[in-house]
Amino acid sequence: MKRYNSLDNYFKNNFGEKIYKVSLDGGFTCPNRDGTLSSKGCIFCSESGSGDFAGNRRKSIKDQIDDQLKLIEKKFPNGKVVAYFQNFTNTYGKVEYLEKIYNEALSHPRVMGLAIATRPDCLQDDIIKLLSKINKEHFLWVELGLQTINEEVAKIINRQYPLSTYVEATKKLNKENIKFVTHIIIGLPYEKEKDPLNTAIFSEKCGTWGVKIHLLHIIKNTRLEEFYNRNEIKIQKKEEYVKKTVKILENLSYNIVIHRLTGDGNRETLLAPLWSLNKRDVLNSIEKELKSQNIFQGDGCKKWE
């Protein structure tokens, strides 16, 4: 038994089986890249829109799903999957196009639901209406890239929306009973020690169904690389990251689903921290720290209720 409520645990408890995600490219861009808000993007975002392992956007959604299934067919030859629209902003388009590609994914015989990564400022009413319709008929969650509640740090990373926009988006999603996952990054430039923890607690108070905890990766050809080259950013040590992650788990209620505890770095583009390339070691270190401190997810959440 894990000491935290993992996504794998959630699937097994609610569907009685293991379910994988297949990452897709819906052909989107982002208002933070196309000049609507900015042309620079968030400083940490890779050239692929933080979807380095997603499908090929030149292919149809169905073909992308088939391609992704081939990659996991040895360990997962059968069974259902969640179609994950991952990179860039996957509600940033006309609602007719969104409906088309979402339905194409849902029509695949092995797809049991959708996961849609987006920005809180790209959830207009017509899109919420579409998501609500899907949610009533299929399994669905929406992912929101909050990263931090520290408004000054949000400006530094060029997030290009205020915290109030996240809050309004969560109200819309909660009203329609649409599950949402909040992304949190540990190690952002100039963040305060408790920023990641405070961000996690805030997201729970806003009704988040799940969280994704990311380590800040410094990727080649990002604006963050410029900070790195000027020695303007502190590189997290593994021990620091583990302790901050464990503190978040301790202070999140056990019903919050933990979708991720660390990121997947691309060996070809990752500059730092290189210890993150050994994902299994990072996860084992988190498990070890939880065990040594006898901590289970939610043990400390009474402190802020």
Side-chain angles (χ1 to χ4, degrees), residues 20-35 37-59 64 67-68 70-72 84-90 92 115 117-119 143 145-148 153-154 156-160 181 183-191 196 212-238 240-242 244-245 259-286:
Y20 277 86
K21 289 186 299 179
V22 290
S23 296
L24 310 176
D25 187 329
F28 296 96
T29 182
C30 174
N32 203 10
R33 284 191 181 230
D34 70 359
L37 298 174
S38 168
S39 59
K40 298 177 180 179
C42 295
I43 65 172
F44 51 78
C45 194
S46 70
E47 293 176 318
S48 62
S50 294
D52 296 298
F53 305 106
N56 185 340
R57 64 169 48 199
R58 290 187 291 272
K59 293 188 175 184
Q64 287 186 51
D67 287 346
Q68 295 286 307
K70 288 177 183 176
L71 296 176
I72 59 173
Y84 178 30
F85 288 90
Q86 181 180 17
N87 50 334
F88 296 105
T89 304
N90 292 275
Y92 188 49
T118 190
R119 290 170 56 92
E143 300 193 3
L146 175 60
Q147 322 308 358
T148 182
V153 174
I156 292 169
I157 65 175
N158 199 44
R159 191 178 67 190
Q160 288 292 328
V181 176
H183 288 234
I184 301 165
I185 294 180
I186 296 177
L188 291 169
Y190 305 106
E191 74 177 8
K212 276 190 172 181
I213 304 171
H214 298 265
L215 166 67
L216 182 68
H217 283 146
I218 299 168
I219 306 295
K220 293 178 182 178
N221 301 319
T222 63
R223 291 179 60 221
L224 189 59
E225 182 182 5
E226 298 172 15
F227 283 71
Y228 177 69
N229 290 336
R230 294 195 301 263
N231 295 316
E232 293 181 5
I233 184 168
K234 178 180 179 290
I235 305 301
Q236 291 277 298
K237 296 179 180 178
K238 185 182 75 170
E240 294 174 310
Y241 182 78
V242 168
K244 288 179 181 179
T245 300
H259 286 238
R260 180 179 290 277
L261 288 177
T262 185
D264 294 310
N266 186 325
R267 291 180 180 274
E268 296 181 0
T269 59
L270 182 68
L271 292 171
L274 295 179
W275 54 260
S276 67
L277 289 170
N278 190 343
K279 183 178 179 181
R280 176 49 53 191
D281 176 65
V282 177
L283 293 175
N284 287 342
S285 297
I286 293 170

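By convention here, the first residue in the shown sequence is residue 1.
- Between the side chain of E191 and the backbone N or O of G187 there is at least one donor-acceptor pair closer than 3.5 Å.
- T222 meets the side-chain hydrogen bond (donor to acceptor under 3.5 Å, both in side chains) test with no other residue; sequence neighbours excluded.
- Side-chain contact check for C30 versus R119: some heavy-atom pair is nearer than 4.5 Å.
- Residues satisfying the side-chain contact (heavy atoms from CB on, under 4.5 Å) criterion with N56, sequence neighbours excluded, are R58, K59.
- Shown here are the side-chain hydrogen bond (donor to acceptor under 3.5 Å, both in side chains) partners of K40, two or more places apart in sequence or in another chain: there are none.
- Side-chain contact between I235 and Y228 is present, with at least one heavy-atom pair separated by less than 4.5 Å.
- By the ring pair (Phe, Tyr, Trp, His ring centres under 6.0 Å) test, Y84 pairs with no residue at all, sequence neighbours left out.
- Qualifying side-chain contact (heavy atoms from CB on, under 4.5 Å) partners for K279, counting only residues two or more places apart in sequence or in other chains: R260, T262, D264, L283.
- Looking at residues two or more places apart in sequence or on another chain, you find a side-chain contact (heavy atoms from CB on, under 4.5 Å) between N284 and R280.
- Under the 4.5 Å side-chain criterion, counting only non-hydrogen atoms from C-beta, P189 is in contact with I43.
- With sequence neighbours excluded, no residue satisfies salt bridge (Lys or Arg N to Asp or Glu O under 4.0 Å) with K21.
- Partners of H183 according to the ring pair (Phe, Tyr, Trp, His ring centres under 6.0 Å) rule, which considers only residues two or more places apart in sequence or in another chain, are H214.
- The salt bridge (Lys or Arg N to Asp or Glu O under 4.0 Å) search around R230 returns E232, not counting sequence neighbours.
- Residues that satisfy the side-chain contact (heavy atoms from CB on, under 4.5 Å) test with L277, not counting sequence neighbours, are R267, L270, L274.
- Residues Q236 and K234 are in side-chain contact: their nearest non-hydrogen atoms beyond the backbone lie under 4.5 Å apart.
- The shortest distance between side-chain heavy atoms of L216 and L224 falls below 4.5 Å.
- Take D34 and apply the salt bridge (Lys or Arg N to Asp or Glu O under 4.0 Å) test, not counting sequence neighbours, and it matches no residue.
- T245 OG1 to I286 CD1: the interatomic distance, rounded to the nearest 0.5 Å, is 4.5 Å.
- Side-chain contact between I186 and L215: absent, with no pair of heavy atoms (C-beta onward) separated by less than 4.5 Å.
- For E143, the salt bridge (Lys or Arg N to Asp or Glu O under 4.0 Å) partners two or more places apart in sequence, or in a different chain, are K212.
- The backbone N or O of A117 lies less than 3.5 Å from a partner atom in the side chain of N90, making a donor-acceptor pair.
- Residues T89 and F28 form no side-chain contact, since every pair of their non-hydrogen atoms from C-beta on lies 4.5 Å or further apart.
- Between L261 and V282, the closest side-chain pair of non-hydrogen atoms is not below 4.5 Å.
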